[in-house]
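First comes the structure, then the notes that go with it.
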Amino acid sequence: MYSILKAEKLNENIYLMVVKAPRVAKHCLPGQFLIVKTDEEGERIPLTICDYDRQQETVTIVFQPVGASTEAMTALKAGDSFMDVVGPLGNPSELVTDDVEETKKKKILFVAGGVGTAPVYPQVKWLHEHGIDADVIVGAKTKDLIILEKEMEAVAGNLYITTDDGSYGRSGMVTKVIEDLVAEGKQYDVCVSIGPMIMMKFCCLTTKKFNIPTIVSMNPIMVDGTGMCGACRLSVGDEIKFACVDGPEFDGHLINFDEAMKRQQMYKTEEGRALLRLREGKTHHGGCGNCGGDN
Ligand code: NAD
Ligand code: FES
C-alpha cells in the first residue's frame with residue numbers, strides 16, 4: 001500500500017496529493033508519469049509526476065476529476081492509501097537527458113495551460129537546479145484556476161501569468177503571450193508546451209510561425225498507460241507512435257493534433273472503439289506480449 005501523506009484541493013476542480021512511493025521517488029525524472037490504482041476494482045489512472053522528493057521517498061501528483069476513478073480519488077484524504085503506484089513510466093523529458101552544457105546555451109520557453117502547469121513544474125525546477133532559468137508562461141481561464149504560482153515563481157527565470165478573462169496577470173490565451181514576447185524582442189531556441197490538446201495545437205501553430213522547435217506532452221490521450229489499450233496511438237510525421245510507450249513528449253510540429261483529438265473522442269464510446277478496431281486493426285502496441293500489437 002502507498003500512503004497518502006497530504007491531500008489538498010488547489011481550487012474548485014484541481015487536487016494535489018503527496019504519496020509515499022519510495023521506488024518511484026528514487027528513479028523518476030521530469031516528464032515521466034506513474035499509474036495509480038485505488039483498490040482491486042479501481043481503474044489504472046496514468047498521471048504525470050508534478051514533483052518528487054528522493055529523501056522523503058514521496059511523489060506529488062496533481063489531478064482533475066474527469067471520470068469515475070478520478071472522481072473517487074477526490075474523496076481520499078491524508079492517511080488513506082493507494083493499492084498500487086506503478087512507475088516511473090514513459091521517457092523523461094529530453095531537456096533533462098540532453099547534455100546539460102548544451103542545454104545551458106539554449107533560451108527555453110515553457111507554456112503551461114491549466115492543469116498542464118503540474119507537469120511543467122518539475123522540468124523548470126530541474127533546469128533551475130542545474131543553473132538554467134527558463135521563461136514560463138502559465139495560462140488559466142480565470143485567476144482562481146491558476147495553480148503552483150509560488151512554486152513556479154521560485155524556479156522560473158521570468159514568469160508570465162495570463163488569464164483568458166484578464167482577471168489576473170496578462171489578458172488572453174497563452175498563444176497571445178508567445179506572440180507578445182516575440183514582438184517584445186524575445187528569442188527562443190525551444191518551447192515546451194503542456195496543457196489541453198487544443199492549446200498545444202495552437203501553440204504549435206504559433207511557434208511554427210517563429211521557427212521555434214516545440215515539444216508537447218501527449219499525456220491527455222492516455223487511458224491505461226501501459227501500451228495495451230491502443231488509446232494513445234498517434235501520427236508523428238509519417239510514423240505511428242504510442243504516447244505512453246514512445247512518449248509522452250513528442251515534436252509538436254510533427255503531430256497530427258486533429259487526428260489525435262478525433263481519436264480521443266471516438267475512444268470514449270464502445271461504438272467508437274469498435275470503429276477504430278475495424279479501421280486500424282489491432283490498435284494496441286502489443287505490450288501484453290501476446291498478440292504482437294500492430295506488427
Ligand atoms: P483550460 O481549458 O483552462 O486551458 C488552459 C489554458 O490553455 C487557457 O487558459 C489558455 O491560455 C490555453 N488555451 C486553451 N485553449 C486554447 C486555444 N484554443 N488556443 C490557445 N490557447 C488555448 O485547461 P484545463 O481545463 O486546466 O486543462 C484540462 C486539460 O489539460 C485536460 O484536457 C487534460 O487532459 C490536460 N492536461 C494535459 C497534460 C499534458 O501532459 N499535456 C497534463 C495534465 C492535463
Ligand atoms: Fe493505452 Fe498507451 S495508453 S496504449
Side-chain angles (χ1 to χ4, degrees), residues 10-14 30-33 35 43-50 61-67 70 89-90 93 111-123 137-148 160-179 192-207 215-234 240-250 252 255 257 260-261 263-265 267 273 282-288 293-294:
L10 295 182
N11 61 36
E12 66 180 40
N13 210 23
I14 305 180
Q32 290 186 293
F33 67 97
I35 291 177
E43 263 184 289
R44 302 160 64 92
I45 309 167
L47 296 165
T48 36
I49 296 168
C50 169
I61 50 175
V62 169
F63 66 95
Q64 197 176 31
V66 287
T70 37
L89 297 164
S93 162
V111 182
V115 198
T117 308
V120 163
Y121 173 67
Q123 298 199 29
I137 300 171
V138 171
K141 286 192 191 83
T142 187
K143 182 174 189 241
D144 295 345
L145 297 179
I146 291 163
I147 57 167
L148 305 172
Y160 306 95
I161 300 222
T162 188
T163 45
D164 298 3
D165 63 1
S167 54
Y168 190 59
R170 296 183 178 217
S171 176
M173 293 193 175
V174 291
T175 39
K176 179 171 181 297
V177 184
I178 302 174
E179 303 255 6
V192 179
S193 169
I194 305 184
M197 295 282 279
I198 192 73
M199 180 204 96
M200 295 192 289
K201 173 187 165 171
F202 281 98
C203 270
C204 287
L205 290 173
T206 306
T207 54
I215 299 163
V216 297
S217 170
M218 296 303 280
N219 196 273
I221 59 172
M222 289 184 200
V223 173
D224 73 346
T226 62
M228 287 198 266
C229 70
C232 68
R233 179 183 160 124
L234 76 161
I240 296 293
K241 299 280 186 190
F242 290 82
C244 66
V245 178
D246 303 312
E249 293 190 357
F250 295 97
I255 286 185
F257 281 101
M261 287 188 281
R263 258 190 122 265
Q264 190 185 23
Q265 286 309 315
Y267 210 85
R273 288 194 291 276
K282 288 172 181 142
T283 56
H284 73 273
H285 183 270
C288 63
D294 292 300

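First listed ligand is number 1; within each ligand, the first listed atom is number 1.
- Contact annotation for M228 and ligand 2: only backbone heavy atoms (N, CA, C, O) come within less than 4.0 Å of the ligand.
- The nearest protein atom to atom 20 (C) of ligand 1, hydrogens excluded, is given as T175 OG1, 3.4 Å; this is a heavy-atom distance.
- Close approach of ligand 2 to C229 is summarised as follows: ligand atoms under 4.0 Å from at least one heavy atom of the residue are 1 (Fe), 3 (S), 4 (S).
- At a 4.0 Å cut-off, not a single heavy atom of A243 sits close enough to ligand 2 to count as contact.
- Closest of all the heavy-atom pairs between I147 and V62 is CD1-CG1, 4.1 Å.
- Considering backbone and side-chain atoms alike, G116 places every N or O at 3.5 Å or more from each N or O of ligand 1.
- With atom 4 (O) of ligand 1 as the reference point, the heavy atom nearest to it among G113, S217, P196 is part of P196.
- Shortest contact from atom 8 (C) of ligand 1 to any protein heavy atom: D164 OD1, 3.5 Å.
- Using a 4.0 Å cut-off to heavy atoms of G139, the atoms of ligand 1 that qualify are 5 (C), 6 (C), 9 (O).
- The side chain to side chain contact (heavy atoms under 4.5 Å, CB included) test with M199 is passed by exactly one of I194, V174, T175: V174.
- Distances between N or O atoms of A140 and those of ligand 1 include at least one value under 3.5 Å.
- Checking each of L47, T226, I45 against I35 for a side chain to side chain contact (heavy atoms under 4.5 Å, CB included) leaves exactly one that passes, namely T226.
- Angle SG(C232) to atom 2 (Fe) of ligand 2 to SG(C244): 110° [nearest 10 degrees].
- When each atom of ligand 2 is checked for a heavy atom of G230 under 4.0 Å away, the hits are 1 (Fe), 4 (S).
- On a distance-only criterion, V115 and ligand 1 share at least one N/O pair closer than 3.5 Å.
- Contacts between D224 and ligand 2, counted as non-hydrogen atom pairs separated by less than 4.0 Å, involve both the backbone and the side chain.
- Ligand-side atoms of ligand 2 in range of V223: 3 (S), range being under 4.0 angstrom from any heavy atom.
- Side-chain polar atoms of S167 and D165 form a donor-acceptor pair below 3.5 angstrom.
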